**Q** 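Can you read through this structure? Questions will come right after.
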Amino acid sequence: MQQEYAHLELSATVNLAVPMEYVEETIAIAWAEICPIPGVPDGVLGVIDRGGKLLWVVELADFLSDILGLSAIARSHGDELTVGILCNSPREEKRQGDDRPPLVRQVGIAIGAFRGTLSVNPDEFQPIPPQWAPAIASLISQVAWVNPPNSPRMFPLGVLDIPAFFHALNPQ
(Lines give C-alpha, C1' and ligand atoms only; values in the text may rest on other atoms or scores of the structure.)
Protein backbone atom coordinates (compact mmCIF):
# COMPACT_ATOMS: atom_id res chain seq x y z
CA MET A 1 0.00 0.00 0.00
CA GLN A 2 1.42 3.38 -1.03
CA GLN A 3 1.61 6.25 1.44
CA GLU A 4 1.65 9.94 0.48
CA TYR A 5 4.58 12.13 1.52
CA ALA A 6 5.38 15.80 0.99
CA HIS A 7 8.76 16.03 -0.76
CA LEU A 8 10.76 18.88 0.78
CA GLU A 9 14.04 20.05 -0.68
CA LEU A 10 16.26 21.65 1.94
CA SER A 11 19.31 22.03 -0.29
CA ALA A 12 20.61 20.64 -3.56
CA THR A 13 21.71 17.47 -1.76
CA VAL A 14 19.26 17.11 1.15
CA ASN A 15 15.66 16.01 0.64
CA LEU A 16 13.16 15.09 3.33
CA ALA A 17 9.71 13.56 3.33
CA VAL A 18 6.87 14.37 5.69
CA PRO A 19 3.78 12.15 5.86
CA MET A 20 0.98 14.16 4.24
CA GLU A 21 -1.33 13.69 7.24
CA TYR A 22 0.95 16.13 9.14
CA VAL A 23 0.98 18.79 6.40
CA GLU A 24 -1.71 21.43 6.69
CA GLU A 25 -0.72 23.53 3.67
CA THR A 26 2.19 25.18 1.87
CA ILE A 27 2.32 28.97 1.53
CA ALA A 28 4.68 31.65 0.27
CA ILE A 29 5.48 34.51 2.64
CA ALA A 30 7.73 37.56 2.45
CA TRP A 31 10.48 38.17 4.99
CA ALA A 32 8.66 41.35 6.01
CA GLU A 33 5.79 39.23 7.38
CA ILE A 34 8.08 37.58 9.96
CA CYS A 35 8.43 39.25 13.33
CA PRO A 36 11.83 38.20 14.73
CA ILE A 37 11.97 37.20 18.40
CA PRO A 38 15.25 37.83 20.26
CA GLY A 39 16.92 34.99 22.13
CA VAL A 40 15.40 32.06 20.22
CA PRO A 41 17.52 29.11 18.98
CA ASP A 42 19.28 29.13 15.61
CA GLY A 43 16.89 28.39 12.80
CA VAL A 44 13.84 29.94 14.48
CA LEU A 45 13.07 32.96 12.30
CA GLY A 46 10.21 34.42 14.37
CA VAL A 47 6.43 34.50 14.16
CA ILE A 48 3.80 35.43 11.60
CA ASP A 49 0.14 36.34 12.04
CA ARG A 50 -2.11 33.59 10.64
CA GLY A 51 -5.71 34.65 11.05
CA GLY A 52 -5.15 36.30 14.42
CA LYS A 53 -2.96 33.49 15.76
CA LEU A 54 0.82 33.55 15.98
CA LEU A 55 2.67 30.86 14.07
CA TRP A 56 6.35 30.17 14.72
CA VAL A 57 8.44 29.92 11.54
CA VAL A 58 11.54 27.72 11.58
CA GLU A 59 14.17 27.59 8.84
CA LEU A 60 14.31 23.80 8.71
CA ALA A 61 17.77 23.51 7.11
CA ASP A 62 19.28 25.88 9.68
CA PHE A 63 17.50 24.10 12.54
CA LEU A 64 18.81 20.73 11.37
CA SER A 65 22.24 22.03 10.27
CA ASP A 66 24.13 20.86 13.34
CA ILE A 67 22.55 17.43 13.14
CA LEU A 68 22.78 16.91 9.37
CA GLY A 69 25.93 18.91 8.68
CA LEU A 70 24.19 21.37 6.36
CA SER A 71 25.43 24.87 5.77
CA ALA A 72 23.02 27.73 6.26
CA ILE A 73 20.97 28.75 3.24
CA ALA A 74 22.05 32.16 1.97
CA ARG A 75 18.90 34.18 1.33
CA SER A 76 18.35 37.86 1.01
CA HIS A 77 15.58 39.29 3.12
CA GLY A 78 13.83 40.34 -0.09
CA ASP A 79 13.16 36.73 -1.04
CA GLU A 80 9.85 35.02 -0.58
CA LEU A 81 10.00 31.95 1.59
CA THR A 82 8.25 28.67 0.91
CA VAL A 83 6.69 27.64 4.21
CA GLY A 84 5.01 24.34 5.00
CA ILE A 85 2.54 24.40 7.88
CA LEU A 86 3.01 21.23 9.95
CA CYS A 87 0.71 19.88 12.67
CA ASN A 88 2.06 17.95 15.65
CA SER A 89 -0.54 15.20 15.21
CA PRO A 90 -2.18 13.68 12.13
CA ARG A 91 -5.06 15.79 10.83
CA GLU A 92 -7.44 12.83 10.90
CA GLU A 93 -6.76 12.05 14.56
CA LYS A 94 -9.61 12.90 16.95
CA ARG A 95 -9.87 12.75 20.69
CA GLN A 96 -11.50 9.56 21.99
CA GLY A 97 -15.29 10.04 22.27
CA ASP A 98 -15.13 13.68 21.15
CA ASP A 99 -16.56 15.06 17.91
CA ARG A 100 -14.50 18.26 18.11
CA PRO A 101 -11.25 18.41 16.14
CA PRO A 102 -8.12 17.82 18.21
CA LEU A 103 -6.19 20.70 19.71
CA VAL A 104 -3.48 21.08 17.13
CA ARG A 105 -0.16 22.78 17.58
CA GLN A 106 1.32 24.04 14.35
CA VAL A 107 4.66 25.36 13.14
CA GLY A 108 5.74 26.82 9.83
CA ILE A 109 8.87 25.36 8.29
CA ALA A 110 10.77 27.41 5.74
CA ILE A 111 12.23 25.10 3.10
CA GLY A 112 14.23 25.44 -0.09
CA ALA A 113 11.37 24.12 -2.23
CA PHE A 114 8.24 22.02 -2.04
CA ARG A 115 8.69 19.37 -4.75
CA GLY A 116 5.15 17.98 -4.57
CA THR A 117 3.86 14.73 -3.19
CA LEU A 118 5.39 11.32 -3.57
CA SER A 119 3.65 7.98 -3.22
CA VAL A 120 6.06 5.56 -1.59
CA ASN A 121 5.48 2.02 -0.43
CA PRO A 122 6.40 1.97 3.29
CA ASP A 123 8.28 -1.31 2.64
CA GLU A 124 10.84 0.70 0.62
CA PHE A 125 11.94 2.59 3.73
CA GLN A 126 14.83 1.27 5.77
CA PRO A 127 16.02 2.17 9.27
CA ILE A 128 18.74 4.81 9.47
CA PRO A 129 22.10 3.09 8.86
CA PRO A 130 24.08 2.67 12.11
CA GLN A 131 27.13 4.42 10.63
CA TRP A 132 25.14 7.66 10.30
CA ALA A 133 25.38 10.05 13.22
CA PRO A 134 23.12 8.99 16.11
CA ALA A 135 21.75 12.54 16.23
CA ILE A 136 20.32 12.10 12.72
CA ALA A 137 18.30 9.10 13.89
CA SER A 138 16.73 11.27 16.59
CA LEU A 139 14.87 13.31 13.95
CA ILE A 140 14.99 11.24 10.76
CA SER A 141 13.13 7.99 11.34
CA GLN A 142 13.70 6.15 8.03
CA VAL A 143 15.31 6.53 4.62
CA ALA A 144 14.51 5.28 1.11
CA TRP A 145 16.11 5.71 -2.30
CA VAL A 146 13.52 7.26 -4.59
CA ASN A 147 13.33 8.41 -8.19
CA PRO A 148 10.60 11.05 -8.35
CA PRO A 149 8.91 11.97 -11.63
CA ASN A 150 11.02 14.31 -13.80
CA SER A 151 14.18 13.49 -11.85
CA PRO A 152 17.14 12.03 -13.75
CA ARG A 153 18.52 10.21 -10.72
CA MET A 154 17.65 8.37 -7.55
CA PHE A 155 18.48 10.00 -4.23
CA PRO A 156 18.02 9.27 -0.53
CA LEU A 157 14.87 10.62 1.05
CA GLY A 158 14.74 10.75 4.83
CA VAL A 159 11.43 10.86 6.71
CA LEU A 160 11.20 13.63 9.29
CA ASP A 161 9.89 12.21 12.58
CA ILE A 162 7.21 14.81 13.35
CA PRO A 163 6.73 14.08 17.09
CA ALA A 164 10.53 14.15 17.59
CA PHE A 165 10.76 17.41 15.61
CA PHE A 166 8.11 19.10 17.79
CA HIS A 167 9.88 17.78 20.90
CA ALA A 168 13.19 19.23 19.65
CA LEU A 169 11.48 22.60 19.19
CA ASN A 170 10.21 22.56 22.77
CA PRO A 171 12.04 19.93 24.84
CA GLN A 172 10.34 20.95 28.11
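Bear in mind the structure is a predicted one, so any value in this text is a computation, not a measurement.
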**Q** Are any non-hydrogen side-chain atoms of L8 and L160 less than 4.5 angstrom apart?
**A**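 When only atoms from C-beta onward are counted, L160 and L8 do not touch, as no gap falls below 4.5 Å.
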
**Q** Does the side chain of V83 reach to within under 4.5 Å of the side chain of I111, using non-hydrogen atoms?
**A**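 When only atoms from C-beta onward are counted, I111 and V83 do not touch, as no gap falls below 4.5 Å.
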
**Q** Between N88 and R105 (side chain of the first, backbone of the second, donor and acceptor by atom type, cut-off under 3.5 Å), is there such a pair?
**A**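 The answer is yes, because a donor-acceptor pair under 3.5 Å joins these two groups.
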
**Q** Using salt bridge (Lys or Arg N to Asp or Glu O under 4.0 Å) as the criterion, list what pairs up with E4, not counting sequence neighbours.
**A**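 E4: no salt bridge (Lys or Arg N to Asp or Glu O under 4.0 Å) contacts found.
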
**Q** Quick one: closest heavy-atom pair of C87 and Q106, and the distance?
**A**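 Answer, listing the atom of C87 first, then Q106: SG-NE2, 3.9 Å.
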
**Q** Indicate the atoms forming the closest heavy-atom contact of F125 with V120, along with that distance.
**A**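 In this case the closest contact between F125 and V120 is CE1-CG1, 3.4 Å.
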
**Q** Determine the minimum heavy-atom distance between V23 and A6, stating which atoms define it.
**A**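 Result for this residue pair: CG2-CB, 3.9 Å.
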
**Q** Do W56 and I48 have side chains that get closer than 4.5 Å, going by heavy atoms?
**A**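 W56 vs I48: side chains apart.
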
**Q** Would a 4.5 Å heavy-atom cut-off, applied to side chains only, mark L81 and I34 as touching?
**A**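 Side-chain contact under 4.5 Å: yes.
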
**Q** Considering all heavy atoms of both residues, which atom of G43 and which atom of D62 are nearest to each other, and what is their separation?
**A**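 That closest heavy-atom pairing would be CA-CB, 3.7 Å.
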
**Q** Looking at every heavy atom in both P127 and V143, which two are closest together, and how far apart are they?
**A**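 Scanning both residues completely, I find the closest heavy atoms to be O-CG1, 4.2 Å.
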
**Q** Please tell me if the side chains of P19 and V159 come closer than 4.5 Å, counting only heavy atoms from C-beta onward.
**A**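 Result yes, sub-4.5 Å side-chain heavy-atom pair found.
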
**Q** So, E24 and R50, do they make that salt bridge, N to O below 4.0 Å?
**A**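 Looking at R50 together with E24, the answer is no, because their closest N to O distance does not fall below 4.0 Å.
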
**Q** Does a side-chain heavy-atom distance below 4.5 Å link L55 with V47?
**A**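 Result no, sub-4.5 Å side-chain heavy-atom pair not found.
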
**Q** Which pair of heavy atoms, one from T26 and one from T82, lies closest together, and at what distance?
**A**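 Closest pair (atom of T26, atom of T82, distance): CG2-CG2, 3.8 Å.
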
**Q** My understanding is that only residues two or more places apart in sequence, or in another chain, count here; which of them pass side-chain hydrogen bond (donor to acceptor under 3.5 Å, both in side chains) with D161?
**A**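 Scan of D161 (side-chain hydrogen bond (donor to acceptor under 3.5 Å, both in side chains), adjacent residues dropped) gives none.
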
